[in-house]
There are 2 protein chains.
Amino acid sequence: MAQVKPMRADARRNYERLLKVAAEAFAEHGESASLDDIAKRAGVGSGTLYRHFPNRQALLEAVYVDAIEALGSRADELARKLAPGEALVEWLYEVCLGTIEVRGLKSLLGSAVSDGSNAALTACATHMKSAAQRLVEAAQQEGTLRRDVEPVDVLRLAHGVSTASELANGGTQHLRRYLSLLTEGLRA
Amino acid sequence: MAQVKPMRADARRNYERLLKVAAEAFAEHGESASLDDIAKRAGVGSGTLYRHFPNRQALLEAVYVDAIEALGSRADELARKLAPGEALVEWLYEVCLGTIEVRGLKSLLGSAVSDGSNAALTACATHMKSAAQRLVEAAQQEGTLRRDVEPVDVLRLAHGVSTASELANGGTQHLRRYLSLLTEGLRA
DNA sequence: ACCTGAACACCGTTCAAGT
DNA sequence: ACCTGAACACCGTTCAAGT
């Protein structure tokens, strides 16, 4: 595999400034924060932003890679602590909570589990799908989860539950309840 | 109640042209079709569009009132033909199908069942909610639907199921299956 | 009373010119 | 190799001037 060529010092500095500022901007203004504004706040020409991140999805992915990684690890932690079925339910809860609380994450995860999925987010898509797969297969093995659902179905439905929750004042008051309705339906 | 003042002939003509063109534009380009383009295609200054429809939601609502009315009537038709529980399920299916196939309708129904709901769409919001209420209460009476769900919950969750379905190639291949997972969870 | 369209303040994206 | 920022083609929205 080709080693990634190290960036020039100024390029690396700009890249990191952009990431930092973008994270703040997405947190503040949501997933549709102005890219031009991000470049300006990072003290960088707009072209530089495009050089590093060819589109909004690429920037979103770069900003939230860590959060996605964490969700993946969380799946394994829960798998060690809880029975498979419970681990899946709890993981889905945390995924939903993340997509609601960490503004911008939802858009990214949404396109990650969408079919016409951008090649650029294959990375985080496969990461989420493999985490889901481990929990789904274990729960099916255990016999508590329907056998006719695939990992990607579960992720899409969780995305739907987040969307439904957000319709209530954009909050999380109903998240547990809405999710439990889904998990009732998923039960074997 | 105050009688609505009849519009001047040219105003009424513009209003109708705008509605017609907007319906085409939303169908073609989705709910975020360019308003400026709609005005141009209707042969009207952009200010005229704003005079009749102060914002995008207002225009969306005007375009889809009929479709919403139809969904409401459909609820009652189904209630006459089917057992309460089945009527609710079938109605939700048709609602989801509508929001996926009639581009632009989803955005409108989404904000209709959202809490921070614009006063302007109270009309179609109450319409959908009352249709849902009739089916929900009947099904609860019958004993096939959980008693801890409210009509608005059901509408929000249906919106979530549509969203989940759209993540699969924007199609309806999985709609029945995803919806049935939800209705399993809703069963008393 | 209603319409027009220029004007404004924003977008995202590209690319020639600079270092 | 990378950066800059002007330039372009778009938005939505407002409002003075016209009928």
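Below, read A as the first sequence line, B as the second, and so on, with proteins coming before strands; counting in each chain starts at 1. Just so we're clear, the structure is a prediction, and the values are computed from it rather than from any experiment.
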Shorter than 3.5 Å, N or O on both sides, protein versus nucleotides 13-19 of chain C: list them out with atom names.
residue: C/dT13; atom: OP2; partner: A/Tyr50; partner atom: OH; Å: 2.7

Would you compute the distance between atom [atom1] of [X] and atom [atom2] of [Y] and round it to the nearest 0.5 angstrom?
X	Y	atom1	atom2	answer
B/Gln57	B/Cys124	CD	SG	8.5 Å
A/Thr183	B/Leu181	OG1	CG	11.0 Å
A/Glu61	A/Ile68	CD	CD1	7.5 Å
A/Ser165	A/Arg176	OG	CZ	11.5 Å
A/Leu35	A/Lys40	CG	NZ	11.5 Å

Given that both pair distances must be under 3.5 Å and the pair must be Watson-Crick or G-U, what runs of three or more consecutive pairs involve DNA chain C?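 Only these stems qualify: C:4-8 with D:12-16, C:12-16 with D:4-8.
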Between B/Arg177 and A/Asp153, is there a side-chain N and carboxylate O pair less than 4.0 Å apart?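 Yes, B/Arg177 and A/Asp153 are salt-bridged.
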Report yes or no: do B/Val154 and B/Val89 belong to one cluster of Ile/Leu/Val/Met/Phe/Trp/Tyr joined by side chain heavy-atom distances under 4.5 Å?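 Each belongs to a different hydrophobic cluster.
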So, does B/His52 get its side chain near the phosphate of C/dC3, meaning an N or O under 4.0 Å from OP1 or OP2?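 Yes, such a contact exists.
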Check whether any side-chain nitrogen or oxygen of B/Ser34 sits under 4.0 Å from OP1 or OP2 of D/dG12, and answer yes or no.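 True: B/Ser34 side-chain N/O within range (under 4.0 Å) of D/dG12 OP1/OP2.
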Tell me every residue that passes side chain to side chain contact (heavy atoms under 4.5 Å, CB included) with B/Glu16, counting only those two or more places apart in sequence or in another chain.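 B/Glu16: side chain to side chain contact (heavy atoms under 4.5 Å, CB included) contacts with B/Arg12.
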Please give me every residue in residues 10-17 of chain A whose heavy atoms get under 4.0 Å of an atom in DNA chain D, ordered by residue number.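 Nucleic-acid contacts, sorted: A/Asp10, A/Ala11, A/Asn14.
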B/Lys106: what forms a side-chain hydrogen bond (donor to acceptor under 3.5 Å, both in side chains) with it, not counting sequence neighbours?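 With sequence neighbours excluded, B/Lys106 shows a side-chain hydrogen bond (donor to acceptor under 3.5 Å, both in side chains) to B/Thr163, B/Glu166, given in chain and number order.
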Would you be so kind as to tabulate the donor-acceptor pairs closer than 3.5 Å made by side chains of residues 97-105 of chain B, with sequence neighbours excluded?
residue: B/Thr99; atom: OG1; partner: B/Cys96; partner atom: O; Å: 2.8
residue: B/Thr99; atom: OG1; partner: B/Ser162; partner atom: OG; Å: 2.9
residue: B/Arg103; atom: NH1; partner: B/Glu28; partner atom: O; Å: 3.2

Minimum-distance nucleotide (side-chain atoms of A/Val44 versus D/dT4, C/dC11, D/dC3):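 Nearest listed nucleotide: D/dT4.
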